[in-house]
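As structure tokens, the structure follows; a few thoughts come after it.
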Amino acid sequence: MKQALIIGAGISGITAARILAEHGFQVTVLEKRDHIGGNVYDYYRDGVLIHKYGPHLFHTNFLKVAEFVQRFAEFFPYEHKVLGDVEGKLVPIPFNFKSIDILFPPEKAKKLKQSLLEEYPNVSSVTIMELLKSGKKEIKELANYVYQYVFYGYTRKQWGKPPEEMDSSVMGRVPVRLSYDNRYFTDLFQKMPRFGYTELIKKMAGHNQISIRYSCDALKYLTIEQNNIYWDGELFQGPVIYTGCIEELKGKCFGELPYRSLHFELEDRPVAQVQPVVQINYPNRYSYTRTSEFTLIQPEKKTDHTILVYEYPIPCTKEEIPYYPIETKENRELYEKYKQALAPIKNLYLLGRLAEYQYYNMDTTIKQAMDLAERLIGEETNGSSKREQGKEPN
């Protein structure tokens, strides 16, 4: 029987496992934690569905991804909205025309909106980087304002570095909307699994050819020698999909890749609702970056209390869970060094945010997992066809 080994029971690993299992692979999944789902794991506390590792909102423009996840859960419509505390006022994030109306006097706000529409016709949003390059004085002033009061402080707290030390792609993720669209995301598909991600992923993993071992540090059993992978001392020739930190596969021989982690504090409130929206960002005040009220995500409210979650970015130590690769030129070069060192291992496949040292949205990781599994199935099918014809695959 065809065998596959997957390191990590997060959403990308389980997606790949499901597709491979449906095409005849016997899949073993090894998970270091004691639960399924990786960072999208959620659980109920006093009737409130808590996202243990921070808010995960499902949105996508990939039709194949939307169709795939809906096989395993009922979804309900949910459009995420975020407010930011800017000079003591709550304004929509991403920054938009409503934000301008709240923060500036009426005449100035009117002029700013008109200038933006004239300067950037037929577009729905513009990045901070683009605005900073504008030749119009008022637009550049607005860009500097958004950079200072919305972006700079949040980035410094989130990454532990000022924006100028980060990769330019980080700046490129900060838009200013040229409309009154208050939605945080603009994807065509914006829905949430009715009973949470944990239930969704459990159903995805519920195939008789998928087995999962929890509390299992795979690297205690997996070794790499002369570009071959050995599992429990025996040569493993099937595909090995790895979703963990890439440097751990090489014993951090070139040095450690840095990550940011998160610390969460939960606060019970004996009231029905505290915040006007699920998420409020604090770019400048406090040491936490945002507060989330998960009760407001649930389709039907069944409790008379609510829970606030405070999110604190922290350095990632050996005891902490790595959440975010820190995108700098030096870190990317170190990652590429590890990637090149692992390239000769033909049956090793890197998948996901940690293994690829890249910030990905959830739908992108699912799509990549689907694409990888489909490629492996195709390679196996082609290889089998050639073997049946008495030929070995190239």
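- A donor-acceptor pair is defined here as one N or O able to donate and one able to accept, closer than 3.5 Å; such a pair exists between the side chain of Y338 and the backbone of F254.
- Aromatic ring orientation, F151 versus Y147: tilted (interplanar angle from 30° to 60°).
- Interatomic distance, CE of M362 versus CD1 of I11, reported as 5.5 Å (0.5 Å rounding).
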Open item on the list: Could you go through I36 and V29, starting from their C-alpha distance and side-chain angles, then the distance that decides it, and tell me whether this counts as side-chain contact (heavy atoms from CB on, under 4.5 Å)?
Closed with: CA-CA 10 Å; I36 201 169; V29 182; over 6 Å; no

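- With rounding to the nearest 0.5 angstrom, the NZ atom of K98 is 9.0 Å from the NZ atom of K113.
- In this structure, E293 contributes its side chain and Q275 its backbone to a donor-acceptor pair below 3.5 Å.
- Criterion: ILVMFWY side-chain heavy atoms under 4.5 Å apart, direct or through other members. Under it, I321 and I326 are part of a common hydrophobic cluster.
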Task: Pair E22-R18, salt bridge (Lys or Arg N to Asp or Glu O under 4.0 Å): steps then yes or no - done: CA-CA 6 Å; E22 290 178 344; R18 180 69 190 209; 2.8 Å; yes

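- With hydrophobic clusters built from ILVMFWY side chains whose heavy atoms lie under 4.5 angstrom apart, F236 does not share a cluster with Y230.
- Of all non-hydrogen atoms in N284 and D85, the two that sit nearest each other are ND2-O, 4.5 Å.
- Using a 4.0 Å cut-off between a side-chain N of Lys or Arg and a carboxylate O of Asp or Glu, K367 and D371 qualify as a salt bridge.
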TODO: Could you check T328 against N331 for side chain to side chain donor-acceptor pair (under 3.5 Å), going step by step and ending with a plain yes or no?
DONE: CA-CA 5 Å; T328 66; N331 293 344; 3.1 Å; yes

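- Between R290 and E311, at least one side-chain N (NZ, or NE/NH1/NH2) sits under 4.0 Å from a carboxylate O, which counts as a salt bridge.
- Considering every non-hydrogen atom in both P315 and S261, the closest pair reads O-CB, 4.1 Å.
- With a 4.5 Å cut-off on side-chain heavy atoms, I139 and Y120 count as touching.
- Taking 4.5 Å as the limit, some side-chain heavy atom of L308 sits within range of a side-chain heavy atom of E267.
- Annotation for E356 and Q368: closest pair OE2-OE1, 3.7 Å, computed over non-hydrogen atoms.
- In terms of modelled atom types and a separation under 3.5 Å, the side chain of Q70 and the main chain of A66 share a donor-acceptor contact.
- Looking at heavy atoms from C-beta onward, F97 lies out of side-chain contact with L112 at the 4.5 angstrom threshold.
- Checked by atom type and distance alone, the side chain of H51 never pairs as donor or acceptor with a backbone atom of L49 at under 3.5 Å.
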Open item on the list: Determine whether R33 and N39 satisfy the following criterion, side chain to side chain donor-acceptor pair (under 3.5 Å), listing intermediate values before the conclusion.
Closed with: CA-CA 10 Å; R33 304 182 214 183; N39 284 1; 2.7 Å; yes

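- The hydrophobic clustering, which links ILVMFWY residues whose side-chain heavy atoms are closer than 4.5 Å, places Y43 and I307 together.
- Annotation for E225: atom CD counts as buried by contact number, over 12 foreign heavy atoms lying within 6.0 Å.
- Taking each heavy atom of Y197 and V40 in turn, the nearest pair found is CB-O, 3.3 Å.
- Taken from OG in S12 to CG in L372, the straight-line distance is 9.5 Å, to the nearest 0.5 Å.
- The residue from Y259, Y53, W159 that alone fulfils the ring-ring contact (aromatic ring centres under 6.0 Å, His included) condition with Y324 is W159.
- In this structure, E67 does not pair ionically with R71, as no charged nitrogen and carboxylate oxygen lie closer than 4.0 Å.
- Taking 4.0 Å as the cut-off between side-chain N and carboxylate O, E333 and K329 count as a salt-bridged pair.
- Put simply, the side chain of Y242 gets close to the backbone of C245: a donor and an acceptor are under 3.5 Å apart.
- Within the 4.5 Å cutoff, the side chain of V48 has heavy atoms near those of the H305 side chain.
- Cluster membership for I280 and I102, using ILVMFWY side-chain heavy atoms within less than 4.5 angstrom, is not shared.
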TODO: Decide yes or no on side-chain contact (heavy atoms from CB on, under 4.5 Å) for L348 and L249, but give the supporting numbers first.
DONE: CA-CA 11 Å; L348 175 67; L249 281 174; 4.0 Å; yes

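- At most 12 non-hydrogen atoms from other residues, nucleotides or ligands lie less than 6.0 angstrom from NZ of K339.
- Side-chain atoms of R332 come within 3.5 Å of backbone atoms of Y357 as a donor-acceptor pair (strictly under, hydrogens ignored).
- With hydrogens and angles ignored, the 3.5 Å screen pairs no side-chain donor or acceptor of T291 with any backbone N or O of Y310.
- Pairing each heavy atom of H59 with each of Q190, the nearest pair is CB-CG, 4.0 Å.
- The closest donor-acceptor contact from the side chain of T243 to the backbone of I7 lies under 3.5 Å.
- We find the OH-CG distance between Y360 and L351 to be 9.0 Å, quoted to the nearest 0.5 Å.
- At least one side-chain heavy atom of L5 sits under 4.5 Å from a side-chain heavy atom of L222.
- A cation-pi arrangement is found for R353 relative to Y359, the charged atom lying closer than 6.0 Å to the ring centre and inside a 45° cone about the ring normal.
- Side chains of L83 and P276 form a contact here, defined as non-hydrogen atoms less than 4.5 Å apart.
- Nearest heavy-atom pair across A9 and I14 is O-CG1, 3.5 Å.
- Between H80 and F185, the ring planes are parallel. Angles under 30° get that label, and only those over 60° would be called perpendicular.
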- [ ] Output, in order, the C-alpha distance, side-chain angles, deciding distance and verdict of ring pair (Phe, Tyr, Trp, His ring centres under 6.0 Å) for Y145 and F104.
- [x] CA-CA 11 Å; Y145 181 91; F104 298 99; 5.1 Å; yes

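- Salt bridge annotation for E118-K136: present, with a cationic side-chain nitrogen under 4.0 angstrom from a carboxylate oxygen.
- Taking the ring axis of F25 as reference, the NZ or CZ atom of K2 stays within 45° of it and closer than 6.0 Å to the ring centre.
- Between the side chain of T60 and the main chain of F62, a donor-acceptor pair closer than 3.5 Å is present.
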Task: Steps toward side-chain contact (heavy atoms from CB on, under 4.5 Å) verdict (I19, F68) - done: CA-CA 10 Å; I19 295 173; F68 178 73; 4.0 Å; yes

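- Taking the side chain as every heavy atom from C-beta outward, L57 and Y184 never approach each other to under 4.5 Å.
- One finds the CZ atom of R375 at 15.0 Å from the CE atom of M370 (value rounded to the nearest 0.5 Å).
- No more than 12 heavy atoms of other residues, nucleotides or ligands sit less than 6.0 Å from atom NZ of K161.
- Linking ILVMFWY side-chain heavy atoms closer than 4.5 Å, directly or via other members, places V278 and L90 in two distinct hydrophobic clusters.
- Contact check for P55 versus F294: side-chain heavy atoms found under the 4.5 Å cut-off.
- For E300 and R194, the salt-bridge test passes: some basic side-chain N is under 4.0 Å from an acidic carboxylate O.
- The closest donor-acceptor contact from the side chain of D217 to the backbone of L219 lies under 3.5 Å.
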- [ ] Verify side-chain contact (heavy atoms from CB on, under 4.5 Å) between L257 and I246, making sure each step is shown before the conclusion.
- [x] CA-CA 9 Å; L257 279 164; I246 186 174; 3.7 Å; yes

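- Y312 OH to L262 CG: the interatomic distance, rounded to the nearest 0.5 Å, is 12.5 Å.
- Cation-pi check for R213 over Y221 is met; the charged atom lies under 6.0 angstrom from the ring centroid and within 45 degrees of its normal.
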